[in-house]
Q: 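Let me begin by handing over the structure; questions about it come next.
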Amino acid sequence: MTNEDSGFNTKLIHAGDVDDQFGSATVPIYQTSTFTFENAEHGAQCFAGERSGYMYTRLANPTIDALERQIAILEHGYGAIAVSSGMAAASTIYLGLLNTGDHIISTDAIYGASRTVMEKQFVRFGFQSTYIDTTDLEEIKKAIRPNTKVLYIETPANPTMGITDLAACSRIAKKHGLVLVVDNTFCSPYLQNPLDLGADIVFHSMTKFINGHADVVAGVIITKEKAHYTQLRTMMTNLGCNMDPHQAYLVIRGLKTLGIRIDRGQDNAQKVAEFLEKHPKIEWVKYPGLSSHPQYELGKQQMRGSGTMISFGLKSGFTGGKVLMNNVHLALLAVSLGGVETLIQHPASMTHSKVSTEDKNNAGITDDLIRLSVGIEDVQDIINDLSQALEII
Ligand SMILES: *Cc1c(COP(=O)(O)O)cnc(C)c1O
């Protein structure tokens with residue numbers, strides 16, 4: 001068992017322990033959709049909330065509970081709600097907090113689907129949204145309207161890798177009665193705890209660092225207060241975007257090594273970023289661990305490390321990007337991030353090749369931009385791979 005004073009890595013191994021009758025060393029998978037009652041009275045009491053007990057997996061399940069308890073401890077929250085994906089978390093938050101006519105302010109470079117679902121889907125329900133550069137606090141203040149309800153921040157936000165001051169956002173949110181929501185996917189609780197900096201709600205795509213092995217899609221919401229927890233859990237169970245017990249088991253397994261994976265990954269990322277910054281074929285590099293990063297000092301204060309995500313631009317632009325993609329051998333050409341393997345992506349020729357220039361500009365996607373999620377391989381192999389591919393350009 002762990003207590004509040006246990007270290008982060010100890011909590012990663014033990015915080016979700018279940019009280020299993022056979023003494024299982026790992027969290028058992030309760031692969032069941034439903035739970036039986038002893039008699040009619042027992043069933044009635046459970047459904048009336050007069051007695052605790054499991055009823056149906058969409059509502060709660062012991063394997064999923066173990067993961068939720070652990071994540072709530074790691075993020076210093078009241079409680080956690082595990083869901084089927086990061087986007088299920090974002091949608092549950094939007095639908096749980098907003099009414100028709102409400103307005104949200106958000107980071108312009110947030111994860112693409114978090115913005116698309118708002119601008120292309122929820123706009124039909126009358127939700128209003130404004131996307132701005134939230135690294136500039138004056139921009140946030142200017143965007144506040146009488147109907148603004150939520151300030152929704154992603155930091156660092158890819159591809160700009162811009163870092164938003166969470167403590168300052170919390171002060172603005174409190175002054176104007178806004179709920180501060182933070183997408184903490186890029187940091188994981190190992191590098192940043194937004195609730196400690198004044199956020200009300202945090203969420204993760206656990207598909208990325210928390211699971212870390214590129215074999216699960218999953219999400220989680222953590223709230224500071226009980227009221228938000230109840231509101232969002234009710235929305236989640238009504239929507240039915242719950243996690244599956246087997247998915248929870250895999251995330252619990254991946255989570256155990258979060259600390260050592262990030263330590264190694266960000267050590268590698270620092271060296272890769274320094275290599276890229278010196279390379280003659282590279283125009284620019286954005287990485288929180290480089291002193292050239294515009295919010296380098298803020299990153300040092302707010303985060304306990306620089307993470308494993310780098311974006312950089314090639315002098316040879318679009319053509320160079322394609323050549324680089326077709327000549328790396330170790331890095332995998334793939335979207336996603338935060339796994340043990342190094343992933344590389346050239347949005348302009350790959351994921352965003354059919355996207356309009358306006359939408360690309362909104363997302364900060366330039367033709368020369370390369371995204372790199374640095375894995376835990378031997379760093380010299382990662383550098384050698386990039387180096388030989390850059391030679392070919
Ligand atoms: C991947 C990602 C999401 C969406 O998560 P899914 O698990 O793919 O649904 C949201 N935010 C960020 C920052 C992400 O990287």
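In listed order, ligands and their atoms are each counted from 1.
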Q: Please go through W284's hydrophobic cluster and name the other residues, only I, L, V, M, F, W, Y counting, with side-chain heavy atoms under 4.5 Å joining them.
A: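 Listed partners: I365, L369.
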
Q: Please identify each residue that fulfils side chain to side chain donor-acceptor pair (under 3.5 Å) with T160, with sequence neighbours left out.
A: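 Not a single residue meets the side chain to side chain donor-acceptor pair (under 3.5 Å) criterion with T160.
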
Q: Starting from L332 and following side-chain heavy-atom contacts under 4.5 Å between hydrophobic residues (I, L, V, M, F, W, Y), which residues can be reached?
A: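 Joined to L332, directly or through intermediates: L343.
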
Q: Does the separation of the ring centres of H103 and F127 fall below 6.0 angstrom?
A: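 So the answer is no for these two rings.
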
Q: Would you check if the distance from the ring center of F8 to the ring center of Y190 is below 6.0 Å?
A: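 For F8 and Y190, the ring centres are under 6.0 Å apart.
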
Q: The test is side-chain hydrogen bond (donor to acceptor under 3.5 Å, both in side chains); show your working for N193 and R304 and say whether it passes.
A: CA-CA 9 Å; N193 291 117; R304 290 183 289 270; 2.9 Å; yes

Q: Give every pair made of an N or O atom of ligand 1 and a protein N or O atom lying under 3.5 Å apart, one pair per line with both atom names and the distance to 0.1 Å, or write 'none'.
A:
unit_1: ligand 1; atom_1: 5 (O); unit_2: S205; atom_2: OG; d: 3.0
unit_1: ligand 1; atom_1: 7 (O); unit_2: G86; atom_2: N; d: 2.9
unit_1: ligand 1; atom_1: 7 (O); unit_2: S205; atom_2: OG; d: 2.8
unit_1: ligand 1; atom_1: 7 (O); unit_2: T207; atom_2: OG1; d: 2.6
unit_1: ligand 1; atom_1: 9 (O); unit_2: G86; atom_2: N; d: 3.1
unit_1: ligand 1; atom_1: 9 (O); unit_2: M87; atom_2: N; d: 2.8
unit_1: ligand 1; atom_1: 11 (N); unit_2: D183; atom_2: OD2; d: 2.7
unit_1: ligand 1; atom_1: 15 (O); unit_2: K208; atom_2: NZ; d: 2.7

